[in-house]
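If you read the sequence from its start, that first residue is 1, and numbering goes on from there.
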Amino acid sequence: MTVELVCVGTELLLGNIVNTNGAYLAEKCAELGLSSYFQTVVGDNEERLGETLSQAVKRSDIVIVCGGLGPTEDDLTKETAARVLGKELKLSEQVKETIEAYFQKRGRKAAQNNWKQAMVPEGALVLENKNGTAPGLILEAEGCRVILLPGPPGEMIPMFEEQAVPYLRRLSPEVICSKTVKICGIPESQAEIMVKDLIDTQTNPTIATYAKTGEVHIRVTARASGKKEAQALIKPVVKELKRRFGHAVYSTKAGCTLEQAVVELLKKKGLTVTCAESCTGGMLSARLVNVPGVSDVYRTGFVTYSNEAKHEFLKVKKSTLKEHGAVSAETAAQMALGAARSGKADVAAALTGIAGPEGGTSKKPVGLVYIACSVRGKVIVKRYVFTGNRQKVREAAVASALTLIRDCIRRYG
């Protein structure tokens, strides 16, 4: 079955609010085995909303509309949907009582325009709103079902999960399950070549690659009559991906980040870590301390932007800075060793580079970053040239540093 999402609100079109509802509903519908081909964001305009809904009900089995169910004049979703489907609006005494109870519980009195929310299209299934005044609605028309949900996520999500999902489960005979294989240290182009034969011959499950900053995620998706059947289809493909990518696979857990995988590896090996950063200004430390429980392994961090700070706190030799410069393999190595000594840590990562937009030369262009990792006195230094603006260069450097830390721990830890 096909599902189409329509999110209503001029504030979404203007970018005042990020459309998180669309992403949430799309993911949940996929888990329910519903195929989604269209998503639309439309403003609070009756004519345009009507055109959107008229088109949606003709081409999709299910249309989920989010937003525009409030009490104000520009909340037009219910009225427009009723008109498109040829349904008459009638006062629902049950909904009216629910709204009254909502306000009484909070010691308030309902405004006159709240009774607009008690008007229900004939034949509609009412979805109770336990967190607001706008009820959800399910309208059944020939060849299509239209589900109207409130816009605020705090109202929409529980209503969808508790009431709309059971309804949708009865309609969809299949489920869709996915597993993501997360890879670091391999460019997307190379990763795609490594799985091209699998992609070319895919049927069910399907394989798709997604580029992240410093990472590649490969999503394996299967459709089946039940969750266990779908997982059984996914398992051998994930096993093959692990075989092909080996140690580059850092996780297959949905919620696991690269920094979390690094912290887990540090804990497993009983190692402590510290960071010495120049061009990234503490971004590497920030990603590491984002992980709950990192205090077991993270010792301290150094942001040494100037040459003087590199010498004073990390003991980088003045002769090294003078001969090779702050952005060099030699300086990065000494930063890592100095951080390990000063921070009394087993592992130390150091970054120094030119993030731009100025400061580059023909020999040392913008985007040049040296990253060093020391593990119990053994040092590896790598040279990178990243592209993009200043923020992109710094983010890419941090991702590469996490990958290098992981690789060095596996090798020397």
Side-chain angles (χ1 to χ4, degrees), residues 1-7 19-40 55-66 138 140-147 149 156-157 159-183 188 191-212 215-245 249-256:
M1 299 184 75
T2 60
V3 64
E4 184 162 344
L5 305 180
V6 179
C7 294
N19 186 17
T20 56
N21 286 348
Y24 166 82
L25 289 169
E27 183 177 12
K28 294 301 178 182
C29 286
E31 291 175 1
L32 289 166
L34 300 171
S35 299
S36 180
Y37 302 133
F38 299 97
Q39 281 191 38
T40 305
Q55 188 176 35
V57 297
K58 290 175 183 176
R59 66 189 179 191
S60 300
D61 300 310
I62 301 164
V63 179
I64 300 178
V65 189
C66 187
I138 298 177
E140 295 188 350
E142 186 176 350
C144 185
R145 294 167 174 84
V146 180
I147 302 175
L149 301 172
M156 184 275 290
I157 292 175
M159 181 185 292
F160 180 79
E161 293 183 350
E162 295 168 14
Q163 299 174 72
V165 166
Y167 174 83
L168 291 170
R169 284 195 193 281
R170 293 194 293 270
L171 301 178
S172 178
E174 294 182 314
V175 298
I176 295 178
C177 292
S178 296
K179 189 84 169 177
T180 301
V181 178
K182 300 181 180 182
I183 299 163
E188 183 192 19
E192 192 170 20
I193 291 171
M194 292 174 68
V195 297
K196 190 176 185 305
D197 61 315
L198 298 178
I199 294 174
D200 289 344
T201 58
Q202 65 184 346
T203 52
N204 185 30
T206 59
I207 300 170
T209 60
Y210 301 89
K212 306 288 182 179
E215 304 178 38
V216 177
H217 292 183
I218 302 178
R219 181 174 295 168
V220 184
T221 304
R223 182 189 297 269
S225 58
K227 189 175 182 180
K228 287 185 178 179
E229 291 82 356
Q231 290 174 338
L233 292 170
I234 290 170
K235 188 175 180 180
V237 180
V238 170
K239 184 178 180 180
E240 175 60 18
L241 291 173
K242 286 182 175 180
R243 186 191 70 78
R244 295 189 183 196
F245 289 98
V249 176
Y250 73 82
S251 183
T252 58
K253 297 177 183 177
C256 183

[X] side chain to [Y] main-chain N or O, any donor-acceptor pair under 3.5 Å?
X: R223; Y: G33; result: yes
X: Q202; Y: I207; result: yes
X: D61; Y: T2; result: yes
X: K182; Y: K253; result: yes

What I'd like to find out is whether the side chain of [X] reaches to under 4.5 Å of the side chain of [Y], using heavy atoms alone.
X: I147; Y: L168; value: yes
X: T206; Y: R219; value: no
X: I138; Y: V146; value: no
X: F160; Y: L149; value: yes
X: C66; Y: V6; value: no
X: P205; Y: V220; value: yes
X: I62; Y: L34; value: yes
X: Q55; Y: K58; value: no

> Does a sphere of radius 6.0 Å around CD in Q39 hold more than 12 heavy atoms from other residues, nucleotides or ligands, not counting ones at 6.0 Å or beyond?
Replying inline: yes
>> Tell me whether R59 at atom CZ has more than 12 heavy atoms from other residues, nucleotides or ligands lying less than 6.0 Å away.
In response: yes
If I take atom [atom1] from residue [X] and atom [atom2] from residue [Y], how far apart are they, to the nearest 0.5 angstrom?
X: T201; Y: K196; atom1: OG1; atom2: NZ; result: 10.0 Å
X: T209; Y: M194; atom1: OG1; atom2: CE; result: 12.5 Å
X: S36; Y: M1; atom1: OG; atom2: CE; result: 13.0 Å
X: L5; Y: K28; atom1: CG; atom2: NZ; result: 14.0 Å
X: R145; Y: Y167; atom1: CZ; atom2: OH; result: 4.5 Å
X: H217; Y: E215; atom1: NE2; atom2: CD; result: 4.0 Å

Nearest atoms (heavy-atom pairs only) where [X] meets [Y]:
X: V249; Y: L241; result: CG2-O, 4.4 Å
X: N204; Y: A222; result: OD1-CA, 3.3 Å
X: A30; Y: I176; result: O-CB, 2.8 Å
X: K179; Y: T252; result: CE-O, 3.4 Å
X: A230; Y: A224; result: N-CB, 3.5 Å
X: L25; Y: M156; result: CD2-SD, 3.9 Å

>> Can you list everything that forms a side-chain contact (heavy atoms from CB on, under 4.5 Å) with Q163? Sequence neighbours excluded, please.
In response: L127, E128, M159
> Can Y37 and E4 be said to form a side chain to side chain contact (heavy atoms under 4.5 Å, CB included), step by step?
Replying inline: CA-CA 7 Å; Y37 302 133; E4 184 162 344; over 6 Å; no
> Given V63 and V3, is the side chain to side chain contact (heavy atoms under 4.5 Å, CB included) satisfied, shown in steps?
Replying inline: CA-CA 6 Å; V63 179; V3 64; over 6 Å; no
> Does the side chain to side chain contact (heavy atoms under 4.5 Å, CB included) test come out yes or no for V216 and F245, once each step is laid out?
Replying inline: CA-CA 11 Å; V216 177; F245 289 98; over 6 Å; no
>> Determine whether E27 and E31 satisfy the following criterion, side chain to side chain contact (heavy atoms under 4.5 Å, CB included), listing intermediate values before the conclusion.
In response: CA-CA 6 Å; E27 183 177 12; E31 291 175 1; 4.0 Å; yes
